[in-house]
Protein chains: 2
Amino acid sequence: MNNTNGIIGQFSRITEAANLIIKNELSARKIEGIVPAHGPILVFLFEQSGPIPIKTIVQKIRRVKSTVTAMINNLERNGYISKQPCQRDTRIINVELTAKGNNIRKDFFEISEILINKTYNNIPENQQQDLMKQLSVIESNLT
Amino acid sequence: MNNTNGIIGQFSRITEAANLIIKNELSARKIEGIVPAHGPILVFLFEQSGPIPIKTIVQKIRRVKSTVTAMINNLERNGYISKQPCQRDTRIINVELTAKGNNIRKDFFEISEILINKTYNNIPENQQQDLMKQLSVIESNLT
DNA sequence: TGACTTTAGTTCGCCTACGAACTATATTTA
DNA sequence: TAAATATAGTTCGTAGGCGAACTAAAGTCA
């Protein structure tokens, strides 16, 4: 039960430590209004070549649609993305990165790189692979 | 940056999967008003023999005091703990488990057990230890 | 065509979580 | 002792996160 001492507590401490590094890197780069939770949305938008429906984002990131609505609005308010209704099907709202949104792409991947390097620091590559395998096993054990 | 594919995303998926199991176990046991985030508070209170200041809880669990205030009030409203001001130092609010709070102790440890068993299912013990060591290394790499 | 159902998003209420500001009480220090 | 400072908790505003209820627009079907 989120046992502070046990392995589950260890996973959540690592996750929180990683998120803190991300926050620090973002603020060191003067990127405002972005938090780690936006990562999955942004990484998905970076892969797109045009506007995509919010629905698509909901399906990709592991969050319910009311959460996505709120985050999309926040990202829009901060100028990283823009919304426009689809004219074929007016239920749909299409979303795409603005210039400001595209500008943080490079920082985004740099931060990912930093994070991976810090994580794997002094761990030999063959052990890295074994670790990933075991984490996959654990994830499927819990799913 | 919370890279969905990378190792950090793996950690957060595992954490979320574990929290989902906890929620399901709690609701299967008809325990209401308790969520995984309460775990660290409860486990700490289970170890105490008498009322303790909120300050002490803040120091133990990794949350700021305003968060703890809210959770304590929630746990009190749901009848799991009681608050009483300390008479020596009236700034201090002492907190302890109620009978209802003590009643979930057993479920709490059962759920922890279930979680650990599911996590480590089909992973031999020597590998479990190696894994814990590597997770410690990673945590300190990120801290 | 008109009723029914599905779908896409939003809204609302509640909680965790944070940081900053605030209150009230102790403690220190001048 | 009076003033300054430290400490314990609360409050407030904001955001992520969820589920349930809601709106509006398509799509389906009789």
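Both backbone and side-chain heavy atoms feed into the values below; hydrogens, waters and symmetry mates do not. Labels below follow one simple rule: chain letters A, B, ... track the order of the sequence lines, proteins then strands, and each chain is numbered from 1.
- Residues from residues 85-101 of chain B that place a heavy atom under 4.0 Å from any atom of DNA chain D, listed by number: B:Arg91, B:Ile92, B:Ile93.
- A heavy-atom distance below 4.5 Å is found between the side chains of B:Asn122 and A:Asn141.
- Rounded to whole Å, the distance from CD1 on B:Ile72 to P on C:dA17 is 12 Å.
- Within the 4.5 Å cutoff, side-chain heavy atoms of B:Lys118 are placed close to those of B:Ile114.
- Residues B:Leu42 and B:Leu97 meet the side-chain proximity criterion, which asks for heavy atoms closer than 4.5 Å.
- Taking only side-chain atoms of B:Ser66, from C-beta outward, the nucleotide of D:dA15, C:dA20, D:dG9 with the closest atom is C:dA20.
- Side-chain contact, A:Asn78 with A:Asn74: a donor N or O sits under 3.5 Å from an acceptor N or O.
- Of the candidates A:Thr67, A:Val58, A:Ile93, A:Ile81, A:Ile81 is the only one forming a side-chain contact (heavy atoms from CB on, under 4.5 Å) with A:Ile72.
- Residue-level contact check: A:Asn74 touches the backbone only, with heavy atoms under 4.0 Å from sugar-phosphate atoms and none from bases.
- The interatomic distance linking A:Leu75 (CG) with D:dT14 (C1') rounds to 15 Å, in whole Å.
- Between B:Glu16 and A:Asn78, the residue anchored nearer the 5' end of DNA chain D, judged by the nucleotide with its closest heavy atom, is A:Asn78.
- Nucleotide C:dT16 holds its C1' atom 10 Å from the CD1 atom of B:Ile41, rounded to whole Å.
- Map A:Ala70 and B:Arg77 each onto its nearest nucleotide of DNA chain C; the residue landing nearer the 5' end is A:Ala70.
- The shortest distance between the side-chain N/O atoms of B:Thr67 and the OP1/OP2 oxygens of C:dT16 is not below 4.0 Å.
- Contacts of A:Lys65 with the nucleic acid, taken as non-hydrogen atoms under 4.0 Å apart, include base atoms.
- Closest to the A:Ile54 side chain, of the nucleotides D:dA8, C:dT10, C:dA17, is C:dT10.
- Taking only side-chain atoms of B:Lys83, from C-beta outward, the nucleotide of C:dC15, C:dG9, D:dT10 with the closest atom is D:dT10.
- Checking the phosphate oxygens (OP1, OP2) of D:dG16, no side-chain nitrogen or oxygen of A:Arg63 falls inside 4.0 Å.
- Look at NZ on A:Lys55: it is 16 Å from C1' on C:dT10, rounded to the nearest Å.
- A 4.5 Å side-chain heavy-atom check between B:Ile123 and A:Ile138 finds at least one atom pair inside the cut-off.
- Taking the side chain as every heavy atom from C-beta outward, A:Ile61 and A:Met71 approach each other to under 4.5 Å.
- Distance NZ (B:Lys23) to C1' (C:dC14): 13 Å, rounded to an integer number of Å.
- Put simply, CD1 on B:Ile81 is 12 Å from P on D:dG9, counting in whole angstrom units.
- At D:dG16, one or more side-chain N or O atoms of A:His38 fall inside 4.0 Å of OP1 or OP2 (strictly under the cut-off).
- One interatomic measurement links the two molecules: CD of B:Gln59 to C1' of D:dG9, which rounds to 13 Å at whole-angstrom precision.
- Contact check for B:Gln10 versus B:Ile14: side-chain heavy atoms found under the 4.5 Å cut-off.
- Between the CD1 atom of B:Ile61 and the C1' atom of C:dA17 there is a distance of 11 Å, given to the nearest Å.
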